[in-house]
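Within every chain, numbering begins at 1; the chains are lettered A, B, ... in the order of the sequence lines, protein sequences first and strands thereafter.
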2 protein chains.
Amino acid sequence: MNITIYDVAREANVSMATVSRVINGNPNVKPVTRKKVLRTIEELGYRPNAVARGLASKKTTTVGVITPDISSMFFAELARGIDDIANMYKYNILLSNSDQNIDKEIKLINTMLEKQVDGIVYMGGQIKEEHLQQFNTSPAPIVLAASIDPSQSTPSVNIDFEQGGYEATNLLIDNGHKHCAFVMGTNEATINELKYQGFIRAHEEAGLTFNEDHLYRGDFTYNSGIEAVEKFSKLDQKPTAIFAATDEISLGVIHAIQDQGLSVPEDIEVIGFDNTKLAVMVRPTLTTVVQPMYDIGAVAMRLLTKYMNREEVEEANVILPHQIIKRNSTK
Amino acid sequence: MNITIYDVAREANVSMATVSRVINGNPNVKPVTRKKVLRTIEELGYRPNAVARGLASKKTTTVGVITPDISSMFFAELARGIDDIANMYKYNILLSNSDQNIDKEIKLINTMLEKQVDGIVYMGGQIKEEHLQQFNTSPAPIVLAASIDPSQSTPSVNIDFEQGGYEATNLLIDNGHKHCAFVMGTNEATINELKYQGFIRAHEEAGLTFNEDHLYRGDFTYNSGIEAVEKFSKLDQKPTAIFAATDEISLGVIHAIQDQGLSVPEDIEVIGFDNTKLAVMVRPTLTTVVQPMYDIGAVAMRLLTKYMNREEVEEANVILPHQIIKRNSTK
DNA sequence: TTGAAAGCGCTAACAA
DNA sequence: TTGTTAGCGCTTTCAA
């Protein structure tokens with residue numbers, strides 16, 4: 001049998017309530033008593049049972065984190081931001097991968113709620129009615145990180161993706177390009193669509209008509225970038241600049257261009273999105289829209305702590321600033 | 001107040017024991033009764049409380065995962081393997097980052113044990129006496145993933161790193177090189193040392209003397225690779241081939257070489273280690289030792305389930321096979 | 001096949 | 001400042 005608070009109480013000649021107070025740092029304990037209890041805790045090698053504590057206090061000090069795929073650099077970085085802040089507030093992270101599968105997402109939320117998490121940080125490509133229904137009936141607060149709820153009814157932390165796409169495209173247009181291409185990920189991703197909308201708005205404002213042939217829908221991978229360029233190269237009207245929805249796609253784009261004997265940025269300019277560490281791990285280094293992944297995770301977790309503590313929240317839908325870092329893939 | 005098993009029992013006109021049986025799929029329930037209970041569970045929107053269940057059953061169906069840094073591609077991939085298998089066995093993952101800080105590592109183990117995890121998958125650069133003491137006194141089984149316990153006393157899943165380093169070096173030596181360099185990470189990492197030992201053994205067996213100037217100790221980053229090459233380039237006797245401890249370092253090495261106007265593999269051959277997806281995201285693509293990160297995680301988790309179920313374990317220290325993939329950074 | 005009842009280890013009034 | 005005593009919501013004998 002394990003050592004319980006009761007064993008400690010007996011050995012220290014106090015009541016379990018006193019032991020509990022010592023463990024929880026309750027000031028209402030005489031220093032002498034506290035010392036005595038602390039010593040016998042040490043002696044017995046007592047380790048508090050957080051599950052029992054959770055049952056009695058209705059707080060588990062763990063938060064659920066639902067991510068599409070932790071092996072993606074993007075979400076891994078977000079998760080790191082979440083965990084660091086969680087730790088700061090004494091929470092632990094119950095992490096799960098959803099693969100953007102809606103059934104799995106719903107199931108995961110329920111599992112975490114059964115496990116009585118104090119809150120959830122949710123990441124996912126598309127928020128649908130089913131999600132919202134779960135979010136709205138959840139007994140624990142939920143915050144979205146780098147995920148868009150079109151209804152704006154769920155607290156969230158994001159950047160302005162449409163504006164990011166707009167600015168990236170404008171950089172290309174300002175450099176004189178009239179034929180910009182956009183390589184996007186799956187259309188299951190709201191964020192993706194937002195970047196595209198920005199891309200389109202930039203064209204409209206510049207009075208440029210966008211050639212639909214210059215849109216490539218891939219799946220966010222390096223290979224998508226390669227395939228996009230291969231497709232573009234067969235066109236009569238080839239794009240002279242390419243905006244890729246992520247850095248990883250951008251690397252594929254750059255390498256495919258180079259494999260064809262062309263140069264970046266001389267022949268074709270390329271701009272990415274995210275500023276993952278990949279951006280400086282290519283030649284030429286990548287001009288890209290900076291998305292502060294770590295910060296989004298950190299701020300989302302911080303926001304969640306406010307809800308968990310029932311603190312006042314001034315703004316439920318946080319938009320973090322973004323910027324463009326110019327490197328060598330654009331002129 | 002929340003809906004409990006008791007509410008369901010009352011509504012369904014059965015005892016809580018029967019509800020419990022239904023929830024847990026106990027076959028000793030008359031189909032009619034089961035149906036009735038299931039219906040009222042549905043009606044009331046009852047959600048079992050896993051914390052209470054954990055307290056009563058002494059099982060939480062969650063396993064702790066301690067990783068140095070989830071934002072590292074390497075560990076993220078491992079974590080994915082762990083989570084996938086964990087899910088398969090109905091476990092959830094309590095994940096934490098240790099930053100290889102020994103105090104944090106010990107604290108994390110204790111926190112997870114307090115939370116009554118059923119087992120722990122541990123990843124860390126260096127296993128010391130303090131770790132072993134924790135491992136040995138842990139009430140929950142612990143399995144190491146891609147981490148070396150020199151005493152071999154803790155169950156683990158790894159590849160043969162020494163042999164991997166040996167083979168990588170031999171590939172270079174077989175290509176005629178007499179001046180191979182090794183770019184390693186921090187010396188806090190046992191795995192690193194193992195690769196180095198393999199590197200040295202290959203030299204010895206080939207009757208080559210290793211020039212200490214050709215050893216660079218960095219920190220596992222892309223920049224380490226760059227710095228290493230810069231240092232090497234100032235030497236009188238420059239290396240003609242470079243073995244880097246990880247793929248990320250390799251990319252830095254390759255780019256630094258190219259930045260100096262030299263070519264890979266014509267002027268200098270490069271071989272990496274891990275085969276992360278970075279390996280194909282460079283030009284030239286990287287020859288590298290394949291470390292099956294996902295599988296290591298998956299097998300470690302599978303092994304942990306055996307210990308948690310008190311199954312027979314044939315081999316506690318699993319060595320997974322590795323291989324070398326030849327791409328274009330070597331001739 | 002079902003129910004009654006005793007915990008699991010702790011927190012949190014409430015009383016002293 | 002300390003102790004007593006109900007629970008928290010569930011599992012699990014044991015009996016019927």
Side-chain angles (χ1 to χ4, degrees), chain A residues 1-38 40-41 44-62 90 110-111 113-118 139-140, chain B residues 1-38 40-41 44-62 90 110-111 113-118 139-140:
Chain A
M1 207 58 271
N2 234 315
I3 292 140
T4 71
I5 199 173
Y6 188 76
D7 300 319
V8 176
R10 187 167 22 73
E11 285 300 309
N13 283 312
V14 296
S15 71
M16 36 184 306
T18 300
V19 179
S20 176
R21 289 192 187 95
V22 171
I23 295 169
N24 294 299
N26 185 317
N28 291 335
V29 180
K30 220 181 356 182
V32 191
T33 316
R34 176 187 310 281
K35 195 150 294 174
K36 184 172 57 176
V37 171
L38 250 19
T40 98
I41 283 180
L44 299 184
Y46 167 71
R47 171 182 288 146
N49 181 327
V51 171
R53 175 183 296 185
L55 183 59
S57 70
K58 299 183 168 304
K59 283 189 180 51
T60 54
T61 64
T62 109
K90 312 284 184 207
N110 277 297
T111 303
L113 258 17
E114 286 185 5
K115 294 209 169 174
Q116 311 298 118
V117 294
D118 295 335
Chain B
M1 207 58 271
N2 234 316
I3 292 140
T4 71
I5 199 173
Y6 188 77
D7 300 319
V8 177
R10 187 167 23 73
E11 285 300 310
N13 282 312
V14 295
S15 70
M16 34 183 308
T18 300
V19 178
S20 176
R21 289 193 188 94
V22 171
I23 295 169
N24 294 297
N26 185 316
N28 291 335
V29 180
K30 219 178 2 177
V32 190
T33 315
R34 177 187 309 282
K35 194 149 294 173
K36 185 172 57 176
V37 171
L38 249 18
T40 98
I41 283 179
L44 299 184
Y46 167 69
R47 171 182 288 147
N49 181 327
V51 171
R53 176 182 296 186
L55 183 59
S57 70
K58 299 182 168 305
K59 283 189 180 51
T60 54
T61 65
T62 110
K90 312 284 183 206
N110 277 297
T111 303
L113 258 17
E114 285 184 7
K115 294 209 170 174
Q116 311 298 118
V117 294
D118 295 334

Undergrad: Please compare A/N28 and B/A50 by the position of their nearest nucleotide in DNA chain D and report the one closer to 5'.
TA: A/N28

Undergrad: Out of C/dT2, C/dG3, C/dG9, which has the shortest distance to the side chain of B/K30?
TA: C/dT2

Undergrad: Does a side-chain N or O from A/T18 land closer than 4.0 Å to OP1 or OP2 of D/dG3, or not?
TA: yes

Undergrad: Which atom pairs, donor and acceptor, lie under 3.5 Å between side-chain atoms of residues 9-23 of chain B and protein residues at least two apart or in another chain?
TA:
from, atom 1, to, atom 2, distance (Å)
B/R10, NH2, B/D7, OD1, 2.8
B/S15, OG, B/A17, N, 3.4
B/S15, OG, B/T18, N, 3.4
B/S15, OG, B/T18, OG1, 3.4
B/S20, OG, B/N24, ND2, 3.3

Undergrad: Scan for salt bridge (charged side-chain N to carboxylate O under 4.0 Å, His left out) pairs involving residues 28-37 of chain A, sequence neighbours excluded, and state none if there are none.
TA: none

Undergrad: Is the distance from OP1 or OP2 of C/dC10 to the nearest side-chain N or O of A/Y46 less than 4.0 Å?
TA: yes

Undergrad: Can you check the A/K59 NZ to D/dG9 P distance for me, whole Å?
TA: 14 Å

Undergrad: If you take all heavy atoms of B/V29 and B/N26, which pair is closest and at what distance?
TA: CG2-O, 3.7 Å

Undergrad: In chain order, what residues pass the side-chain hydrogen bond (donor to acceptor under 3.5 Å, both in side chains) check against B/T40, with sequence neighbours excluded?
TA: none

Undergrad: At how many degrees, to 10°, do the end axes of the helix from C/dT1-D/dA16 to C/dA16-D/dT1 meet when each uses five pairs?
TA: 30°

Undergrad: D/dG7 C1' sits how many Å from B/Y6 OH, rounded?
TA: 14 Å

Undergrad: So how far is it from B/T61 OG1 to B/K90 NZ, rounded to the nearest 0.5 Å?
TA: 10.5 Å

Undergrad: Mark yes or no for whether A/K115, through its side chain, and A/T62, through its backbone, hold a donor-acceptor pair below 3.5 Å.
TA: no

Undergrad: So, does A/T33 get its side chain near the phosphate of D/dT1, meaning an N or O under 4.0 Å from OP1 or OP2?
TA: no

Undergrad: Please state whether the phosphate of D/dG3, meaning OP1 or OP2, lies under 4.0 angstrom from any side-chain nitrogen or oxygen of A/S15.
TA: yes

Undergrad: Report, as a single string ordered 5' to 3', how protein heavy atoms within less than 4.0 Å touch nucleotides 11-16 of chain D: B base, S sugar-phosphate only, - not at all.
TA: BB----

Undergrad: Whole Å only: how far is the CG atom of A/N13 from the P atom of D/dT2?
TA: 13 Å

Undergrad: Nearest 0.5 Å, what's the CD1-CG distance between B/I3 and B/L44?
TA: 5.5 Å

Undergrad: B/V51 near the nucleic acid: base, sugar-phosphate alone, or nothing, with a heavy-atom cut-off under 4.0 Å?
TA: nothing

Undergrad: Report the distance from atom CG of B/L55 to atom P of C/dC8, rounded to the nearest whole Å.
TA: 9 Å

Undergrad: To the nearest Å, give me how far apart CD1 (B/I3) and C1' (D/dC8) are.
TA: 16 Å

Undergrad: What is the distance, rounded to the nearest whole Å, between atom CG of A/N49 and atom P of C/dG7?
TA: 18 Å

Undergrad: Take the protein atom NZ of A/K115 and the nucleotide atom C1' of D/dC10, then report the distance between them rounded to whole Å.
TA: 15 Å

Undergrad: Side-chain donor-acceptor pairs under 3.5 Å in residues 45-57 of chain B, sequence neighbours left out?
TA:
from, atom 1, to, atom 2, distance (Å)
B/R47, NH2, A/N110, OD1, 2.8
B/N49, OD1, B/V51, N, 2.8
B/N49, OD1, B/A52, N, 3.0
B/S57, OG, B/R53, O, 2.8
B/S57, OG, B/K59, N, 3.3
B/S57, OG, B/K59, O, 3.4

Undergrad: Nearest whole angstrom, please: distance from the P of C/dG9 to the CD1 of A/I41.
TA: 16 Å

